[in-house]
Structures are given as structure tokens and as C-alpha cells.
Amino acid sequence: MTMNPSRRRFFQSTAAAGGIAVLGPKAVLAQQAAGTFTPEMFGAKGDGVANDSRAFAMLGHAVSEAGGGTVTLRKTTYIVGGQTRAVAPTSLYYFSPVELMVFKGCTKPVTVRGNGARLKCADGLRYGVFDLEGRRVDKPMPYLGPGVAAPYNAMIRAEKCSGGIEISDLELDGNLPGLVIGGPYGDTGRQIPTMGIALLDNSGPELIREVHSHHHAMDGLLIDGLDAAAPRLPKRLIQGLRSEYNGRQGASIIGGRGYVFERCKFNHTGRSVIESAPAAGVDIEAENGKKNRDHRFMDCEFIDNVGCGLVADSGDSDGGTFTRCTFVGTTAWSIWPFKPNFRFNNCRIVGAVVNAWGDKDVERATQFSDCLFLDDPALAPGGKIYYGGKPSGPVVELSQGLNVLFRRCTFRLTHQGQLPWSWYAIYEDCKMSQHSPGQAFPKGKYRGYNVLTGNVDLYGTWVGGVLVANGTRLEKVQMGGKTW
């Protein structure tokens, strides 16, 4: 969907320009030995007024120096985020982000216990492209020159840790409405890292539980994980994450294998102050030579994003399973699964699906099993349902999607949605009905027992089992040009 500037370029440049490298006092060294840390040890106020960025940066350095440890926060609001002005017009960053919690190279477990704490970005910080005086600058796109501004790279960043990362019970508030927005950067929008959580090349277990990551200028969560196969992968579990109202993505997965998401919400991306493509709920897009393999989502939501609810279209990505998930596309496609071996089981889908992966190998093609396709506006925020930018249209647009399978699926279309537009799909034991008078084209192969009601053109369809089309029983027949 979009090619982003190299993440490593940003992290390296900000560490040099705006990072805080300090050694803790004797009291901190004592706590290092005990393996327990609080931001208050490093001077944090946690009063919702004072800026505690320096304390969190020192905390991150101390944990990293100790090789790991337990971070305990109070149930309060910590104000974070800041910027250092550049003096040279050749600098990439004119307003360099401060460093916050960075855990790097930890060989022992790192545990962040939020206890209901909130980290909130300070008001009035810049994000985008500006001149040296702080005035907004709009350059012709794409633009990769100097003038960049950001308040932080990530509120929590774990990189190359082997001991394990656990983050729980925490709110990460990017305060997007409180930022000063500058010009665009990158290929489109503002591709400048400003994220809630970044997980980068960690070889140990990764666990995120009950975190609310919202209103970040870019992503609520970025995963750039290790993708090598192993006899036994470490646990990689994201549970109860709410990643909403972020500027570019609820979650970007640009590399990794075997991540599991349970009860997560990836909703309302791009619905705050700014949006940057793909503006998706989740973008599975392998970058920088990485692979994406076999991620699983269970009981998750992908609702009302400016872009797709789920998109998988770029890079070396293969394998994704979605079970009991809800997809609602209001201004863009609900699902865009243009990679092999994606499976949707018992999902609820409102709004149109596009670009499902077709393949001569039936097992590699996209499969929908026991899914419910609906078009009731009452199920969509604002009553909007996306049909490819038209008032009505097919709820699945497959075009040449060879062997895309719908098994025991129900299409219950009571408003403006139409049955799938397909040529070579497989329908097996499906119930399909539409209220719209528009003609639909759910062509392909029908196996098992299928029931279809509505204005359809089935020219060229092969019925291998039984198809009851508008009351007419068809069995083991190649269809002609009649409209049923």
C-alpha cells in the first residue's frame, strides 16, 4: 500500500540527536542490583503537569544496564514527550524527539507493570515538517529531506531483548489533538515514527496485556520481529490491546512469525486530526527484507478505519488466521487479504472485501469458513458501509480470484449490498440472499448444498452439488446464459 522510510534511519538519527545518555546515582545502582525500578527513582513527578520524559529515559537506560528488571508505575498521569531544536539546516530533525522508555539488549526479563498508569504526550509539540523557526512547511511529495519534527519515537521500545518483554495495564496517550501539525513527509501523509509500543528484533517472549494505545501520530503498535523458523518459537501474545484513533495504523506488522492477538481492538485509525496511508486497522506488510508468517487473531475488532480494516498486500507475507473477528468497513474495504494462506473463520463482516488471494493451489487461496456477511447500516458507525465508493455494490469483489473458498458462509444482505462478484470462486454449503435489485454475479463452482435468492447472473457457473436458485433446484449442471 505504501513504502515507508527506513525505521532504522529514524531510530539511529534520533538517538544521536535527541537521546538522553545518563548514568544513575548511587540509589539507582542499588535498585539495579534489586532489579526493581520506578520512574520516581529518577525524578518523575507523575502529577499530570511536570514533564517526566527525562526520568523515563533514565529509567530505560538503567534497566538496560541491569540487563532487565521490573518497572512499576503508579495509577497516575505522567506527562512525556519533548523536542530539541536543531541548529544546522542539513539536520534530518529540526525538532528531535526525546527518548522515553527504551529497553535494549536485555538478557533478563523486562516487566512493565502499569497498574492503570497513563503516559500522555505533552501539548504543543510539533509533528511533521517545519522550518528552523518552527513554521509549517509543505513540500512537494514524496519528500525525504530535512525539517522533520516528532515528540517521541515510541513511548515504549524493546529492541534485541532475549530475556522476555511483558507490558500490562497501561494507557499510552499520544495526544494527537494536542500536537502542532506540520507538512507531510515520506511518500504520502506523515511517515515519521511516533508510536505507542515498538517491538524490534526480540528473541525472547513478548507479552502485551490490557494496554490502551491511542491517538499516536503514527502507529499504536509496531512489530518488527524475528521471522526465522525455529523448533519452538517463544510466546508472542498481544491480549486485550485497544489501539484506536492513531494516525497511520492500529498495528503495523513489518516482520515476524507466530504473533497471536486475542481480544484486541484496531479501530478508528485516521479518525482524529491526521491520517497517513494505509490508515488501516492492521497492516501486515513485510519490509527491509523481513518475512511475515502465520499470525493469528482471535475475537478481535477492525472497525471504522479510514483505510482497510485489515490489509496484507506488500512484502513477503504468508499465512494469517482470523477467528471470531469483526470487520466493519465504512470508508474503505473491510478486508484486503492479497497474500496466500489467509483464513477467516466464524467472522462477522460488514462492508466490502476486495483482493482476496486466488491461486491454482486451492489450499493457498483465501478461505472464508462459517462467516456472516451483512450490510445493515445499523452495524456501522455513522450508518456508513463501503461498497468501493458507490452507493451500492458487491460485498465481495473477487474479479479473477481463483479458488477463493466460501464454506458454510451466510450472506444476509438486507439493504444495498449485493452478492459477490466472482468468476472462479468456490461456494460450498452457503446461504446467500440479497434485497438490492441490482444484479449480482456470484459465479464459480458450487459444491454441497447451496441456497441463493436475488437478482443474479450465473452464466458459466458449474454446479457440482445442489444449488437452489430463487426456488429452482439445479444439480450437477454447467450453467448457460440464463439470469435466475
Side-chain angles (χ1 to χ4, degrees), residues 1-2 4-5 10 48 51 53 77 79-83 93-98 100 118-131 134-139 141-143 147-155 171-198 211-222 241-252 265-283 302-309 311 329-332 381-382 384:
M1 295 290 288
T2 182
N4 303 321
F10 279 96
N51 193 305
S53 296
T77 296
I79 300 298
V80 296
Q83 295 173 322
Y93 276 92
Y94 283 4
F95 294 86
S96 299
V98 297
L100 297 176
R118 177 192 189 197
L119 271 63
K120 180 183 178 183
C121 183
D123 290 328
L125 299 176
R126 291 173 173 81
Y127 180 76
V129 177
F130 297 84
D131 64 18
R135 296 179 292 246
R136 173 172 173 154
V137 174
D138 290 87
K139 299 284 189 178
M141 299 295 284
Y143 177 70
V148 176
Y152 54 89
N153 275 153
M155 288 189 172
E171 179 181 355
L172 303 174
D173 181 357
N175 191 23
L176 185 51
L179 301 184
V180 178
I181 304 301
Y185 183 87
D187 59 337
T188 180
R190 294 163 182 82
Q191 307 287 335
I192 306 168
T194 304
M195 297 165 285
I197 299 174
V211 171
H212 188 196
S213 184
H214 63 98
H215 289 93
H216 298 283
M218 198 165 85
D219 299 344
L221 170 66
L222 174 77
L241 170 68
R242 287 188 294 151
S243 190
E244 303 175 315
Y245 294 99
N246 299 295
R248 190 184 71 164
Q249 242 85 262
S252 291
K265 297 183 179 182
F266 306 102
N267 302 334
H268 312 302
T269 300
R271 299 296 183 198
S272 184
V273 176
I274 57 173
E275 61 178 89
S276 296
V282 171
D283 180 20
F302 308 75
I303 297 174
D304 187 37
N305 299 285
V306 167
C308 301
V311 61
T330 55
T331 57
K384 296 179 180 179

Discussion item. So Leu221 and Ser213, do their side chains get closer than 4.5 Å, heavy atoms only?
Written reply: no
Response to the item:
Heavy-atom nearest pair, Pro151 first then Leu125, reads CB-CD1, 3.5 Å
Discussion item. Can a donor-acceptor pair be found, under 3.5 Å and without considering hydrogens, that links the side chain of Arg126 to the backbone of Gly134?
Written reply: yes
Fill in: Separation of Asn246 CG from Met195 CE (nearest 0.5 Å)
11.0 Å
Fill in: Asp187 (side chain) donor-acceptor with Pro142 (main chain) under 3.5 angstrom
no
Worksheet item: Should Val129 and Pro184 count as side-chain neighbours, where that means a heavy-atom distance under 4.5 Å?
Response: no
Item to complete: Evaluate the ring planes of Tyr143 and Tyr185, with Trp represented by its six-membered ring, and classify them as parallel (under 30°), tilted (30 to 60°) or perpendicular (over 60°).
Response: perpendicular
Worksheet item: Distance from Leu241 atom CG to Ile197 atom CD1, nearest 0.5 Å?
Response: 6.5 Å
Worksheet item: Can you name the closest pair of heavy atoms from Tyr94 and Asp131 and give their distance?
Response: CD2-C, 3.6 Å
Discussion item. Applying ring pair (Phe, Tyr, Trp, His ring centres under 6.0 Å), can you list everything that pairs with Phe130, at least two apart in sequence or on another chain?
Written reply: none
Discussion item. Could you report the tightest heavy-atom contact between Pro278 and Val311, atom names first, then the distance?
Written reply: CB-CG1, 4.5 Å
Worksheet entry | Straight-line distance of Leu172 CG to Lys120 NZ, nearest 0.5 Å | 14.0 Å
Discussion item. Quick one: does any side-chain atom of Thr269 pair with a main-chain N or O of Gln249 as donor and acceptor, under 3.5 Å?
Written reply: no
Worksheet entry | Backbone N/O of Gly182 and side chain of Arg190: donor-acceptor pair under 3.5 Å | yes
Response to the item:
Between Asn305 and His268, the two heavy atoms sitting closest are OD1-N, 3.1 Å
Discussion item. Main chain of Gly81, side chain of Ser53: is a donor-acceptor contact present, judged purely on distance under 3.5 Å?
Written reply: yes
Worksheet entry | Glu244 side-chain N/O to His212 backbone N/O, donor-acceptor pair under 3.5 Å | no
Worksheet item: Distance-only, no hydrogens or angles: does the Ser276 side chain make a donor-acceptor pair with backbone N or O of Gly189 under 3.5 Å?
Response: no
Practice prompt. Using the side-chain hydrogen bond (donor to acceptor under 3.5 Å, both in side chains) rule, pick out the option among Glu171, Arg242, Lys265 that qualifies with His214.
Written response: Glu171
Worksheet item: Side chains of His216 and Met155: closer than 4.5 Å at any heavy-atom pair?
Response: yes
Worksheet item: Do Ile181 and Leu176 have side chains that get closer than 4.5 Å, going by heavy atoms?
Response: yes
Worksheet item: CG/Asn267 to OH/Tyr245 distance, rounded to the nearest 0.5 angstrom?
Response: 8.0 Å
Response to the item:
Taking every heavy atom of Ser243 against every heavy atom of Gly250, the minimum-distance pair comes out as OG-O, 2.6 Å
Worksheet item: Any side-chain heavy atom of Tyr127 sitting closer than 4.5 Å to one from Met218?
Response: yes
Item to complete: Examine distances only and state if a side-chain atom of Glu275 and a backbone atom of Val306 form a donor-acceptor pair shorter than 3.5 Å.
Response: no
Item to complete: Determine the minimum heavy-atom distance between Pro193 and Ala150, stating which atoms define it.
Response: O-CB, 4.3 Å
Worksheet item: Between Thr194 and Tyr152, is any pair of side-chain heavy atoms under 4.5 Å apart?
Response: yes
Worksheet, complete the sentence: Taken in chain and number order and not counting sequence neighbours, the residues that satisfy side chain to side chain donor-acceptor pair (under 3.5 Å) with Arg271 are Asp304, Thr330, Thr331
Practice prompt. Using modelled atom types only, decide if a donor and an acceptor are shared between the side chain of Asn175 and the backbone of His215 within a distance under 3.5 Å.
Written response: no
